[in-house]
There are 2 protein chains.
Amino acid sequence: MTNFIVPDLKITPRTGGYARGQDGFEHILRSALALLVNHGSAALTLRRIATESGMNVGNLNYYFRSKEELIRELLNAVISSYEESFDEIVHEAGATAEARLENLVMLILEDITTKKTTRFFPELWAMANHDPFVYDRMNELYDRARVSLNELIGEINPALPEDERKILALFISASMEGMTMFAGYEKPWRAQMPMLEIIARRSFIQLVSTLRPGEIKGDLSIGGS
Amino acid sequence: MTNFIVPDLKITPRTGGYARGQDGFEHILRSALALLVNHGSAALTLRRIATESGMNVGNLNYYFRSKEELIRELLNAVISSYEESFDEIVHEAGATAEARLENLVMLILEDITTKKTTRFFPELWAMANHDPFVYDRMNELYDRARVSLNELIGEINPALPEDERKILALFISASMEGMTMFAGYEKPWRAQMPMLEIIARRSFIQLVSTLRPGEIKGDLSIGGS
DNA sequence: GATAATATTGTTCACTTGTCCAAATTTAGT
DNA sequence: ACTAAATTTGGACAAGTGAACAATATTATC
């Protein structure tokens with residue numbers, strides 16, 4: 001419960017081929033991810049991937065028609081792993097809905113401090129700005145990540161209509177993602193993440209449980225002028 | 001007040017040289033920024049920058065010793081512009097501290113919907129993961145961006161000690177940055193940004209005004225088990 | 001252990017990358 | 001107009017890029 005680790009890759013077995021081929025396929029993607037995480041997208045050249053995986057350059061072209069296809073498979077494998085993990089997290093038991101929401105927040109924020117997550121997602125966000133495939137796949141991931149958040153909000157605050165719940169879930173999810181650049185792996189506020197977790201839990205619970213239907217729509221703020 | 005636009009670049013005039021040289025210098029950085037924003041960091045090649053600015057490749061090497069120096073100057077110019085703008089925002093008049101905090105939140109979230117901001121910052125975050133210079137410069141920027149936030153928190157909740165104020169400011173700032181990938185320029189939730197702004201204002205004000213000293217440190221949560 | 005499918009190697013190709021430099025052009029002050 | 005400094009040009013260079021291919025080695029199955 002305290003430690004929930006998302007596997008690096010979720011690879012759908014290829015049809016046909018030998019066992020060695022499956023190994024090679026996974027090995028290549030694993031090496032590519034290591035390069036991306038340790039040296040950034042600029043290091044993602046076929047030759048560096050080949051060297052990293054102890055293979056010949058030509059062999060990469062056997063597994064992947066093009067470099068673009070390799071990268072797509074890589075992103076897809078990483079993203080699929082997150083999607084699977086999120087589905088598991090949802091079904092984790094918990095007492096009240098509030099407690100389960102707090103657990104979810106903790107799990108996500110702890111994952112953010114992971115080297116892989118801290119390094120991978122900014123690359124993903126940057127790529128999504130210029131690659132429609134990455135854009136779509138990324139939004140698929142976050143859509144699914146918000147499903148459980150959405151349900152918990154519904155349990156805690158049933159009066160809130162569905163569309164407002166969705167926006168609230170987005171706000172909470174986006175808030176947490178924003179911590180990546182500041183309290184992620186080797187980031188200056190990494191040591192303060194436990195306190196950020198407390199703030200996040202407190203703030204999100206308060207927000208979810210006290211937001212009234214329609215409050216989001218009009219600009220009738222509470223304390224505002 | 002409604003529209004606060006951060007200039008693209010803040011360039012410190014070079015010493016010596018003709019006026020034409022200064023123009024060329026700025027023109028190159030402007031073209032490089034356009035490429036980065038419109039096509040991503042992969043498009044930042046000297047030849048594309050040269051073409052974009054109607055110059056010869058060799059001329060870029062006259063202005064910048066190396067490609068790395070060009071990119072550093074570019075990032076520095078963009079970041080400096082933000083720093084200058086933040087200093088101006090701080091001194092914007094406002095009634096209560098709450099109202100000024102709400103204004104600040106609105107300004108930042110509106111800037112996030114800008115094409116330049118939505119596209120530039122994810123690139124910056126990704127670069128900061130592997131380039132120490134970018135890492136330092138980025139943290140300088142955010143440190144300064146949080147100064148005004150910090151002061152407002154102190155006004156609203158004077159009982160809160162300085163170190164807890166800092167973490168609270170970080171939480172708020174990071175939360176807003178996280179909206180970039182979801183409600184930024186051409187992002188799926190762009191149209192819902194006004195509602196996200198309402199949620200953010202309400203949530204942040206509530207958080208800042210009700211957080212008690214020491215609450216962050218211990219794990220004595222409010223509604224928790 | 002022969003055989004066909006699968007995997008790997010080594011090499012070649014055309015192209016792009018950043019850097020460098022000598023020559024030509026433009027600029028500003030005399 | 002003359003001049004020296006500043007700017008710009010165009011082309012060269014070695015190194016690296018993704019892609020392609022025939023030749024070789026490995027695997028699983030009979």
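Model, not experiment: these values are computed from the prediction. A, B, ... follow the sequence lines: proteins, then strands. Residue 1 opens every chain.
- Across all strands, A:G21 comes closer than 4.0 Å only to sugar-phosphate atoms, never to a base (heavy-atom distances).
- What separates CZ of B:R47 from P of C:dC20 is a distance of 14 Å, to the nearest Å.
- When the nucleotides D:dT9, D:dT26, C:dT17 are ranked by their closest atom to the side chain of A:R20, D:dT26 comes out on top.
- At a cut-off of 3.5 angstrom, the base of D:dA6 holds no donor-acceptor pair with the side chain of B:Y62.
- The nearest whole Å value for the distance from the CD atom in B:E26 to the P atom in D:dT7 is 13 Å.
- The distance between atom CG of B:N56 and atom C1' of D:dG10, rounded to the nearest whole Å, is 6 Å.
- A straight line from CZ of A:R65 to P of D:dC21 spans 14 Å, rounded to a whole angstrom.
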Is there a side chain to side chain donor-acceptor pair (under 3.5 Å) between A:E186 and B:Y135? Walk through the geometry before answering. CA-CA 11 Å; A:E186 284 184 340; B:Y135 177 89; over 6 Å; no
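- For A:Y63 against C:dA7, a side-chain-to-base donor-acceptor contact under 3.5 Å is absent.
- A residue-by-residue look at B:V57 and B:A19 shows that B:A19 has its nearest nucleotide of DNA chain D further toward the 5' end.
- Of the possible polar contacts, none joining the B:T117 side chain to the B:I112 backbone as a donor-acceptor pair under 3.5 Å is found.
- In this structure, the side chain of B:S81 engages the main chain of B:P7 through a donor-acceptor pair within 3.5 Å.
- Rounded to an integer number of Å, the gap from CG of B:L46 to P of D:dG16 is 17 Å.
- For A:Y18, the listed nucleotide lying nearest its side chain is C:dA5; candidates were C:dA5, D:dT7, D:dG18.
- Aromatic rings from B:Y82 and B:F121 are positioned such that their centres are separated by under 6.0 Å.
- A:R48 comes within 4.0 angstrom of no nucleic acid atom, judged by non-hydrogen atoms across all strands.
- Regarding B:L60, its CG atom lies at a distance of 13 Å from the C1' atom of C:dC20, rounded to whole Å.
- A donor-acceptor contact closer than 3.5 angstrom is absent between the side chains of A:E73 and A:Y63.
- D:dT27 atom P lies 11 Å from atom CG of A:D23, rounded to whole Å.
- Taking only side-chain atoms of B:N59, from C-beta outward, the nucleotide of D:dA6, D:dT9, C:dA28 with the closest atom is D:dT9.
- Straight-line distance from the CD1 atom of A:I49 to the P atom of D:dA19: 11 Å, rounded to whole Å.
- Among the protein residues, B:G17 comes within range of the sugar-phosphate backbone only, with heavy atoms under 4.0 Å from sugar or phosphate atoms but none that close to a base.
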